[in-house]
Amino acid sequence: MNEKEDELYRILDNVIQCCSVLENDGRAKVSRELLLGRCRKENVVMVRTMAVSQIYAAGFTVSTIADFLGNRAPQSIHHMLDKDYFLYRNNRAYRIAENEAAILNKHDHP
């Protein structure tokens, strides 16, 4: 992997760490594979939305994010950025997790 891919995966892992909820057997409910896949569970979609926001705030382009997250359309990335704004304003748990992820990724919320 190159440095760009390493940075993308580091941000993704930080977001997963901030949003991790454990199963009874100690495994995380949200994994890297679920985020990069097509899973539509509510908690996975929220974590994926936060990951898009954090990656975008780190300076990556929408097209790079779309390619990284499993060949999604750039329009879906824009939709996730809009959803991030709504969730950040209206969901306290989301706001706490996103602020923690921003600290780990060393940047402010967009």
- request: Please check if the side chain of Asn91 supplies one atom and the backbone of Leu87 the other of a donor-acceptor pair under 3.5 Å.
  value: no
From CD1 (Ile55) to CG (Leu69), nearest 0.5 Å: 5.5 Å
- request: Check for a donor-acceptor pair, side chain of Ser76 on one end and backbone N or O of Arg72 on the other, with a separation under 3.5 Å.
  value: no
- prompt: What do you reckon, is CZ of Arg38 surrounded by more than 12 foreign heavy atoms closer than 6.0 Å?
  reply: yes
- request: For the pair Thr61 and Thr64, evaluate side-chain contact (heavy atoms from CB on, under 4.5 Å) and give the outcome as yes or no after the intermediate values.
  value: CA-CA 5 Å; Thr61 64; Thr64 300; 2.8 Å; yes
query: Side chains of Gln54 and Glu98: do they bring a donor and an acceptor to under 3.5 Å?
result: yes
field: Neighbour count above 12 (heavy atom, 6.0 Å) for Glu5 CD
entry: yes
- prompt: Once you round to the nearest 0.5 Å, how far does CG of Asp82 lie from OG of Ser53?
  reply: 11.5 Å
message: Between Tyr88 and Asn99, is the side chain to side chain donor-acceptor pair (under 3.5 Å) condition met? List the steps.
response: CA-CA 10 Å; Tyr88 190 83; Asn99 287 333; 3.0 Å; yes
- prompt: Using the benzene-type ring in the case of Trp, are the ring centres of Phe68 and Phe60 under 6.0 Å apart?
  reply: no
- request: Check whether Ile16 and Val45 end up in the same hydrophobic cluster, where Ile, Leu, Val, Met, Phe, Trp and Tyr are linked by side-chain heavy atoms less than 4.5 Å apart.
  value: no
field: Point-to-point distance, once rounded to the nearest 0.5 Å, from NZ of Lys83 to CG of Leu81
entry: 11.5 Å
query: Hey, what do you get for NZ (Lys4) to CG (Asp6), rounding to the nearest 0.5 Å?
result: 12.5 Å
- prompt: From Asn105 CG over to Glu100 CD, what is the distance, rounded to the nearest 0.5 angstrom?
  reply: 10.5 Å
query: Hey, mind stepping through Leu36 and Leu12 against side-chain contact (heavy atoms from CB on, under 4.5 Å) and telling me if it holds?
result: CA-CA 10 Å; Leu36 297 177; Leu12 192 65; 4.1 Å; yes
task: Establish, from distance only, whether the side-chain atoms of Tyr94 and Asp84 form a donor-acceptor pair under 3.5 Å.
output: yes
task: For residues Tyr9 and Arg32, determine if any side-chain heavy atom of one lies less than 4.5 Å from a side-chain heavy atom of the other.
output: yes
message: Using side-chain heavy atoms (C-beta onward) and a distance below 4.5 Å, is Ile11 in contact with Leu104?
response: no
task: Of all the heavy-atom pairs spanning Val44 and Leu34, show the shortest one and how long it is.
output: CG1-O, 3.8 Å
task: May I ask you to test the Cys39-Arg48 pair for a side-chain heavy-atom distance under 4.5 Å?
output: yes
For Ala97 against Met50, the heavy-atom pair lying closest together: CB-CE, 3.7 Å
- request: Give the cluster check for Ile96 versus Ile103: same hydrophobic cluster or not, with ILVMFWY residues linked at side-chain heavy-atom distances below 4.5 Å.
  value: no
- prompt: After noting the C-alpha distance and the side-chain angles of Glu7 and Arg10, does the key distance pass the side-chain contact (heavy atoms from CB on, under 4.5 Å) rule?
  reply: CA-CA 5 Å; Glu7 180 66 12; Arg10 185 188 67 78; 2.7 Å; yes
